[in-house]
There are 2 protein chains.
Amino acid sequence: MLSKSCIYGIQATIYVAANASQEFVPISQIASELKISFHFLTKVLQQLTQEGLMNSYRGPKGGVALAKPATEITLYDLIGAIDGTSIFTECMLGLPGCGIAEPCPAHEHWTKIRNELTVIARRLTLETMAKKAGELNVRLTDEFRYAQRLFPSIKPINGAQA
Amino acid sequence: MLSKSCIYGIQATIYVAANASQEFVPISQIASELKISFHFLTKVLQQLTQEGLMNSYRGPKGGVALAKPATEITLYDLIGAIDGTSIFTECMLGLPGCGIAEPCPAHEHWTKIRNELTVIARRLTLETMAKKAGELNVRLTDEFRYAQRLFPSIKPINGAQA
DNA sequence: CAGATTTCAGACTCTTTTGTCCAAAATAAG
DNA sequence: CTTATTTTGGACAAAAGAGTCTGAAATCTG
Ligand code: SF4
Ligand code: SF4
């Protein structure tokens with residue numbers, strides 16, 4: 001559904017948003033905490049800065065930061081910047097020039113889902129997700145829980161990892 | 001969202017269902033009408049027969065046919081047989097062991113979409129899609145409209161092709 | 001200024017998906 | 001029985017996605 005690049009981008013952006021105390025967060029820190037390949041993540045985040053969603057700063061004390069307040073960046077923006085918006089415009093058969101004038105046999109059913117997806121992605125802001133990411137049982141990646149990072153004494157909810 | 005294999009499989013299956021007059025439809029016919037690579041489509045349909053959704057028959061007068069009535073094959077079955085059911089169980093971050101116990105920050109929003117997708121895919125039968133495919137403006141592929149095949153004198157709705 | 005840190009840019013490899021091709025097995029028809 | 005047709009099964013090639021690596025440019029610290 002979403003490409004790996006897109007997933008990494010979303011995870012990293014939520015991480016940065018939740019990490020509001022640091023001005024610029026080094027990509028190496030994000031990559032090591034989220035267990036994403038550093039070089040790969042670098043390229044993904046470069047794309048986000050080129051799309052104007054993040055700012056970057058080189059050198060010591062450098063890193064990446066959100067280009068706008070977390071309330072003004074939506075999931076739609078993130079997906080659109082990395083995977084493109086085709087997920088919001090195409091669907092089952094992905095025929096060129098889809099629309100009610102020349103639909104595929106599932107058009108009326110798929111559009112319902114597609115529209116709901118679009119509405120939700122446009123409404124869901126980084127702030128909302130970052131806030132959610134701070135809750136106890138919520139995880140950003142297979143093993144990374146933000147609450148555990150802030151309070152290392154907390155035990156994971158199902159004891160799966162150290 | 002769906003792989004090419006899956007899209008081809010769905011298109012071909014709808015074609016077969018709408019083509020109820022022929023007992024076995026040769027893959028070469030499907031491929032040439034739908035403008036899909038014959039050899040590639042062959043493999044996709046082999047998978048559908050292996051999954052028990054289609055029957056095949058070799059030799060002259062051979063081809064493929066639905067293994068069950070079109071009312072009993074759903075979009076869910078088709079997608080599940082080719083792309084697998086992960087699209088109905090995973091979503092935004094695709095973390096292993098997703099669930100309410102250890103969700104990602106978008107879980108509650110995504111599950112709404114995922115559930116609706118699942119419900120629609122389970123309800124949408126081949127018969128419904130095949131019937132729809134017979135309507136004038138509905139197309140199965142970029143250029144293929146079933147109504148035009150049955151009545152070649154009909155002009156396409158927007159005159160895009162011969 | 002010198003050295004350390006960090007993003008930037010591009011080349012490169014590995015894997016998966018997509019697409020092509022060929023020979024063998026099954027079947028119908030003459 | 002022979003030939004033509006059609007699926008089966010696998011090998012193979014091309015393209016796209018995912019991941020790795022190296023060097024250059026910018027920036028801070030001392
Ligand atoms: S559901 Fe509608 S928009 Fe989606 S592929 Fe079919 S025709 Fe196009
Ligand atoms: S939305 Fe829920 S099911 Fe989907 S990836 Fe996130 S946690 Fe998993």
Side-chain angles (χ1 to χ4, degrees), chain A residues 1-13 16 19 22-67 79 82-84 86-87 93-94 141, chain B residues 1-13 16 19 22-67 79 82-84 86-87 93-94 141:
Chain A
M1 192 135 186
L2 298 181
S3 70
K4 287 278 191 179
S5 296
C6 196
I7 290 176
Y8 295 156
I10 293 170
Q11 291 172 331
T13 317
V16 170
N19 224 48
Q22 279 177 278
E23 199 57 26
F24 283 99
V25 185
I27 300 176
S28 53
Q29 173 185 334
I30 308 173
S32 82
E33 289 228 69
L34 263 36
K35 302 226 178 68
I36 303 172
S37 151
F38 166 68
H39 294 284
F40 194 57
L41 182 59
T42 290
K43 288 206 291 195
V44 174
L45 294 183
Q46 264 176 41
Q47 201 170 346
L48 287 180
T49 67
Q50 284 162 0
E51 299 280 340
L53 293 178
M54 305 199 94
N55 289 329
S56 65
Y57 203 80
R58 297 189 194 180
K61 296 244 160 194
V64 293
L66 303 182
I79 295 176
I82 300 177
D83 275 357
S86 66
I87 190 179
L93 302 186
T141 203
Chain B
M1 193 136 183
L2 298 181
S3 71
K4 286 280 192 181
S5 296
C6 196
I7 289 176
Y8 295 157
I10 293 170
Q11 290 173 332
T13 318
V16 170
N19 223 49
Q22 279 176 279
E23 200 56 26
F24 283 98
V25 184
I27 301 177
S28 53
Q29 174 185 335
I30 309 173
S32 82
E33 289 228 70
L34 263 37
K35 301 227 179 67
I36 303 172
S37 150
F38 166 68
H39 294 285
F40 194 59
L41 181 59
T42 289
K43 286 205 291 198
V44 174
L45 294 182
Q46 262 176 41
Q47 201 171 346
L48 287 179
T49 68
Q50 283 163 1
E51 299 281 340
L53 293 178
M54 303 199 95
N55 289 329
S56 64
Y57 203 78
R58 297 188 194 180
K61 297 245 161 192
V64 294
L66 302 182
I79 295 175
I82 299 176
D83 276 357
S86 65
I87 191 179
L93 301 186
T141 200

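Per chain, numbering begins at 1; letters A, B, ... match sequence-line order. All figures in this text were calculated on a predicted structure; none of them were measured in a lab.
Going from atom NZ of K61(B) over to atom C1' of dG30(C) covers 15 Å, rounded to whole Å. Distance, H39(A) NE2 to dT7(C) P: 11 Å, rounded to whole Å. We find that CG of L41(B) is positioned 14 Å from C1' of dT6(D), with the value rounded to whole Å. Rounding to whole angstrom units, NZ of residue K43(A) and P of dG17(D) are separated by 12 Å. One interatomic measurement links the two molecules: CG of L2(A) to P of dG17(D), which rounds to 14 Å at whole-angstrom precision. The interatomic distance linking Q11(A) (CD) with dA18(D) (P) rounds to 13 Å, in whole Å. To the nearest angstrom, C1' of dG10(D) lies 15 Å from CZ of F40(B). If you measure from atom CD of E23(A) to atom P of dC28(D), you get 13 Å, rounded to the nearest angstrom.
Side-chain N/O atoms of Y8(A) include none lying less than 4.0 angstrom from OP1 or OP2 on dA18(D).
Counting all heavy atoms, side chain and backbone alike, V16(A) lies closest to A65(A) at CG1-CA, 4.2 Å.
Residues of residues 45-60 of chain B that place a heavy atom closer than 4.0 Å to DNA chain C, in numerical order, are Y57(B), R58(B), G59(B), P60(B).
Taking the side chain as every heavy atom from C-beta outward, M1(A) and I87(A) approach each other to under 4.5 Å. Side-chain atoms of S56(B) and F24(B), non-hydrogen and from C-beta on, never get closer than 4.5 Å to each other. Residues Q11(B) and I36(B) are in side-chain contact: their nearest non-hydrogen atoms beyond the backbone lie under 4.5 Å apart.
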I27(B) and V64(B): side-chain contact (heavy atoms from CB on, under 4.5 Å), yes or no, with the steps?
CA-CA 7 Å; I27(B) 301 177; V64(B) 294; 4.1 Å; yes
Any chance you could lay out the side-chain contact (heavy atoms from CB on, under 4.5 Å) test for I10(B) and T13(B), step after step, and finish with the verdict?
CA-CA 5 Å; I10(B) 293 170; T13(B) 318; 5.7 Å; no
Chi angles and distances behind the side-chain contact (heavy atoms from CB on, under 4.5 Å) call for N19(A), I30(A):
CA-CA 10 Å; N19(A) 224 48; I30(A) 308 173; over 6 Å; no
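For the pair S3(A) and F38(B), nearest-nucleotide mapping onto DNA chain D gives the more 5' position to F38(B). Both S37(B) and S28(A) lie near DNA chain C, and the one whose nearest nucleotide falls closer to the 5' end is S28(A).
Taking OH from Y8(B) and CG from L45(B), the interatomic distance works out to 12.5 Å, rounded to the nearest 0.5 Å. Taking OH from Y57(B) and CD from E23(B), the interatomic distance works out to 11.5 Å, rounded to the nearest 0.5 Å.
The end-to-end axis angle of the helix from dC1(C)-dG30(D) to dG30(C)-dC1(D), rounded to 10 degrees and based on five pairs per end, is 0°.
Among the atoms of the strands shown, base atoms are found under 4.0 Å from some heavy atom of T42(B).
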